[in-house]
Amino acid sequence: VCLFLLLFLLPSVLSLPCPRFLRSVLSPEPQTSYSFRGLQISSFANRSWTRTDGLGWLGEMQLYTWRNESDTVGLLKPWSQSTFSEQQWELQHTFQVYRRSFTRDVWEFVKIPSDYPLEIQISLGCELLPRNTSKSYLRAASQGKDVLSFQGMSWVPAPDAPPWLQEFCKVLNRDQGTKETAHWLLHDVWPELVRGLLQTGKSELERQ
C-alpha cells in the first residue's frame, strides 16, 4: 500500500490549461500563478483485465504521456525533464512496479463483482504563487465521482465514497511513511519540477 501511494502520486508529475499562465509569461506584470497538472486513468473491466494511462500539462502545453503499453513516462518536449538530474528522473522507472501494486491493491479492496467495470481517475496538481509559495492538491475519483483527497497529513474519504474506499483510507492513514511521502511529493517535488520547467522551457513558452 505504501508503494501504491508513492507512485499513485508520481505518475504523474504534471499540469492543466490556464490562460493566466501564458499571459503572464509574455507580460511584464508581476506573475500571479503557474499551473501544472497530471491525470491518471485506470480502467478495470473485471479481476483479470485492466489498463492505466496518464497525461501531464504545464499551462496549455502537454509535456508528458504515460501509456499502458509503456513503463516509463514519455517526454514530449526536449526540456520536459526540467532541471532534474538523470538520477532524480530515474524515479519514473519504478512505474512498472507501481502499476502492478496499484492493480493488486484495487483488486484486493474491490471484492464485489457487481462493482465492475470500475474506472479510477487520479488528479494531482501544483500552482506556483507569488513570494515563492505554492499550492498543491491530490484527488481521486471513482466512476466519475470524487471519493478521496489528501488534506494536510491525512487521506480523507468523501462522505459518499464506497465502503471499500473508506476502508482503504483507514489503512493509508495508519501508514505514517506513506503520508510523509505524499506530503513531500506535493509540497517539495512538484513545486521544484514546475520551477525547473519554467527555466528549461522559457524560450519556447515565450513564443506561445
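Quick caveat: nothing in here was measured; it's all calculated off a predicted structure. Because only heavy atoms are used, hydrogens play no part in the values below, and waters and symmetry mates are left out as well, while side chains stay in.
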- [ ] Check the pair Arg195, Asn132 against side chain to side chain contact (heavy atoms under 4.5 Å, CB included), reporting the backbone distance first and the verdict last.
- [x] CA-CA 10 Å; Arg195 292 187 182 98; Asn132 201 34; 3.1 Å; yes
Task: Check against side-chain hydrogen bond (donor to acceptor under 3.5 Å, both in side chains), Gln40 and Ser42 - done: CA-CA 7 Å; Gln40 174 188 328; Ser42 295; 2.9 Å; yes
TODO: Go through Lys202 and Glu206 one step at a time and tell me if the salt bridge (Lys or Arg N to Asp or Glu O under 4.0 Å) criterion holds.
DONE: CA-CA 6 Å; Lys202 184 176 186 293; Glu206 288 179 342; 2.5 Å; yes
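Residue Leu197 holds its CG atom at 11.5 Å from CD of Glu204, rounded to the nearest 0.5 Å. Atoms CG and OG1, on Asn68 and Thr50 in that order, are 7.0 Å from each other to the nearest 0.5 Å. Between the CE atom of Met153 and the NE2 atom of His183 there is a distance of 6.0 Å, given to the nearest 0.5 Å. Rounded to the nearest 0.5 Å, atoms CG (Leu39) and CH2 (Trp66) are 11.5 Å apart. If you take NZ on Lys77 and OG on Ser82, they are separated by 15.5 Å, rounding to the nearest 0.5 Å. Rounding to the nearest 0.5 Å places SG of Cys169 at 9.5 Å from CD of Glu167.
The nearest pair of heavy atoms linking Val147 to Pro162 is CG1-CD, 3.9 Å. Of all non-hydrogen atoms in Pro159 and Gln166, the two that sit nearest each other are O-NE2, 3.8 Å.
Side-chain contact between Leu128 and Pro191: present, with at least one pair of heavy atoms (C-beta onward) separated by less than 4.5 Å. Side-chain contact between Thr83 and Thr200 is present, with heavy atoms from C-beta onward closer than 4.5 Å. The closest side-chain heavy-atom distance from Tyr64 to Leu55 is not below 4.5 Å. Side-chain atoms of Tyr116 and Trp49, non-hydrogen and from C-beta on, never get closer than 4.5 Å to each other. Counting only heavy atoms from C-beta outward, the side chains of Ser142 and Leu118 approach each other to under 4.5 Å. No side-chain heavy atom of Leu165 sits less than 4.5 Å from a side-chain heavy atom of Pro157. Side-chain contact check for Leu58 versus Leu205: some heavy-atom pair is nearer than 4.5 Å. Residues Trp155 and Leu148 meet the side-chain proximity criterion, which asks for heavy atoms closer than 4.5 Å.
At distances below 3.5 Å, at least one donor-acceptor pair connects side-chain atoms of Lys179 with backbone N or O atoms of Asn173. Remark: the backbone N or O of Glu119 is paired with a side-chain donor or acceptor of Gln143 at under 3.5 angstrom. Counting only distance, with no hydrogens or angles, the side chain of Ser136 and the backbone of Leu186 share a donor-acceptor pair below 3.5 Å. Listed for the Thr133 side chain is a donor-acceptor partner under 3.5 Å among the backbone atoms of Pro130. A donor-acceptor contact shorter than 3.5 Å is absent between the side chain of Trp190 and the backbone of Leu124.
Cation-pi geometry between Arg139 and Tyr137 is satisfied (NZ or CZ under 6.0 Å from the ring centre, within 45° of the ring normal).
A chain of hydrophobic side-chain contacts below 4.5 Å, direct or via other Ile, Leu, Val, Met, Phe, Trp or Tyr residues, connects Val110 to Val171. Transitive grouping of hydrophobic side chains (ILVMFWY, heavy atoms separated by less than 4.5 Å) brings Val194 and Trp184 into a common cluster. By the criterion of side-chain heavy atoms lying less than 4.5 angstrom apart, applied directly or through intervening Ile, Leu, Val, Met, Phe, Trp or Tyr residues, Val156 is not grouped with Ile120; the two fall into different hydrophobic clusters.
Ring geometry, Phe109 versus Trp164: the interplanar angle falls from 30° to 60°, so the pair is classed tilted. Relative ring orientation between Phe44 and Phe102 is described as tilted, the plane-to-plane angle lying within the 30° to 60° band.
Atom CZ of Arg47 sits in a crowded spot, with more than 12 heavy atoms from other residues, nucleotides or ligands closer than 6.0 Å.
A donor and an acceptor atom, one from each side chain of Gln121 and Ser123, are nowhere located under 3.5 Å apart.
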